[in-house]
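Notes for the one structure printed next.
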Amino acid sequence: MSIHTINPVCARDTTHITVTGQVFDGNSNETLPFANVYLALDSSVGTAADMDGKFRLSVPKGSTIVVSFVGYYPFKYMVDENFTEVFLTPDDQLAPVVIHGENKKKSNNWLWWLLLGGAALKMASSSDKKKKPALGQPMNVKI
């Protein structure tokens with residue numbers, strides 16, 4: 001007589017369902033584009049929502065999926081339907097960061113100095129061998 005044991009993990013129903021849904025901001029009801037949607041037990045199985053916050057993911061029935069978006073609390077729920085709307089709550093602990101800057105045009109003066117300054121230095125040294133400018137000192141060269 002032999003005794004057989006059943007591994008509960010292997011005995012689970014592994015029927016996959018395709019879950020579709022849409023991710024929204026819980027306060028403004030605006031869609032959240034490119035939100036992350038993945039399995040809670042295996043984050044390598046997942047997808048990202050599209051520009052309209054819509055997603056589609058095939059998962060084992062009864063799995064828990066996580067929906068997350070930067071600046072919002074992640075939301076976990078057990079899959080039991082084919083379509084769901086997810087409303088994420090903003091995380092007020094993250095303060096917005098605003099970066100201000102001036103639109104400056106970059107100057108290539110150093111390049112011109114390298115190109116023309118070196119030529120002017122050579123011309124000055126060939127015309128007046130007694131007067132050599134020290135490095136870093138301005139030169140008066142007539143062209």
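Contact between Leu88 and Val67 at its shortest, heavy atoms only, is CD2-O, 3.8 Å. For the pair Tyr38 and Ser68, the tightest heavy-atom approach, listed with the atom from each and the gap, is CE2-OG, 3.8 Å. Closest of all the heavy-atom pairs between Val66 and Pro74 is CG1-CB, 4.1 Å.
The local environment of CD in Glu85 is crowded, with over 12 non-hydrogen atoms from other residues, nucleotides or ligands closer than 6.0 Å.
A chain of hydrophobic side-chain contacts below 4.5 Å, direct or via other Ile, Leu, Val, Met, Phe, Trp or Tyr residues, connects Val86 to Val45. Note on Ile17: it clusters hydrophobically with Leu57, by side-chain heavy-atom contacts below 4.5 Å among ILVMFWY residues. Using a 4.5 Å cut-off between side-chain heavy atoms of Ile, Leu, Val, Met, Phe, Trp and Tyr, with links allowed through other members, Leu39 and Val79 fall into the same hydrophobic cluster.
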N/O donor to acceptor pairs below 3.5 angstrom from side-chain atoms of residues 47-55, sequence neighbours left out:
from: Asp50; atom 1: OD1; to: Asp52; atom 2: N; distance (Å): 2.9
from: Asp50; atom 1: OD1; to: Gly53; atom 2: N; distance (Å): 3.2
from: Asp50; atom 1: OD1; to: Lys54; atom 2: N; distance (Å): 2.9

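With rounding to the nearest 0.5 angstrom, the CD1 atom of Ile65 is 12.5 Å from the CG atom of Leu41. Between the OG1 atom in Thr64 and the NZ atom in Lys76 there is a gap of 8.0 Å [rounded to 0.5 Å].
The ring-ring contact (aromatic ring centres under 6.0 Å, His included) check on Tyr77 picks up Phe75, with sequence neighbours excluded.
The side-chain hydrogen bond (donor to acceptor under 3.5 Å, both in side chains) test with Tyr72 is passed by exactly one of Asp25, Thr89, Asp91: Asp25.
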